[in-house]
Amino acid sequence: AWVELPPEDGLETPIERLPSNGFLVDSSGLLMKPRRLTTQHLGLPTIRGVPCESLAQGVRPEHEGFLAALEILSACSQRPELPLRPRCLDVSRGWRVEISDASGPIFVLGLEDIEGQLDRLHKLMVYSMESGRKIQTANLMVRRNMPVTFVMASPLPTSEKAERRK
C-alpha cells in the first residue's frame, strides 16, 4: 500500500495525486521510498490522513488509524471470500477508517474489532448480491441496524414505461 503525504499547501485538490509524494508500506507497516515507480505501484491502495510527524523512511508509524488500515488490508488479502478491494483508506478522522472500494461503495469501520466489522461487511455484501441491490455506503461500526445506503435504480425511459403498462 501507499501512505500518502498531505499536500504541502494544506489544501485538498480534486486531481488525484501521484503516489510518488508518499511512502510504500510493507505488511509489517515499515515505510520506504521506492527507487522508481512501476505500474504495479500505481495499483496499490492508498492510506490517507496519517499525521506528517509520524512519517519517515524506515519507521513504523504507531498512529492508531494507520495500524487499523494495515489490519484491514491484511484481513482483506487473507479472506478471498470477502469481495472488498480497497482503493483508498482515509484515517484522517482519528476514530474511524473510511474505505473507498474499487467498485464504488464507501464503507466506514471503527478502529476496534476489525474482524467483527469485516464479518458484518461480508454478510451485507452477500445480501446485496442475492438481492441485486448495489451498496453505495455502509457504516459497519454499528453492530445492529447498520446504516446502509443503496444505489437508486435509474428510472425507466418513457417508452419502456408505456410498454410495461400493456
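Here CZ of Arg143 is found 8.0 Å from CD of Gln117. Values are rounded to the nearest 0.5 Å. Taking CD1 of Ile99 as the reference point, atom CG of Leu109 lies at 4.5 Å (rounded to 0.5 Å).
Cluster membership check: Leu118 shares its hydrophobic cluster with Leu67, using side-chain heavy-atom separations under 4.5 Å among Ile, Leu, Val, Met, Phe, Trp and Tyr. Leu124 is not connected to Val108 by any chain of hydrophobic side-chain contacts under 4.5 Å among Ile, Leu, Val, Met, Phe, Trp and Tyr, and they are in different clusters. Under the 4.5 Å side-chain heavy-atom criterion for ILVMFWY residues, no single connected hydrophobic cluster contains both Val59 and Val91. Residues Ile47 and Leu30 fall into different hydrophobic clusters, defined by Ile, Leu, Val, Met, Phe, Trp and Tyr side chains chained together at heavy-atom separations under 4.5 Å.
A side-chain donor-acceptor contact under 3.5 Å links Ser128 to the backbone of Arg133. Under a 3.5 Å cut-off, the side chain of Asp101 and the backbone N or O of Ile106 do not form any donor-acceptor pair. Here the side chain of Arg60 pairs a donor or acceptor atom with the backbone of Ser28 at under 3.5 angstrom. The backbone N or O of Tyr127 sits less than 3.5 Å from a side-chain atom of Ser131, completing a donor-acceptor pair.
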* Test side chain to side chain contact (heavy atoms under 4.5 Å, CB included) applied to Ile135 and Phe150, step by step -> CA-CA 4 Å; Ile135 301 168; Phe150 292 98; 3.9 Å; yes

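Arg79 and Asp119 are joined by a salt bridge, as a carboxylate oxygen and a charged side-chain nitrogen come within less than 4.0 angstrom of each other.
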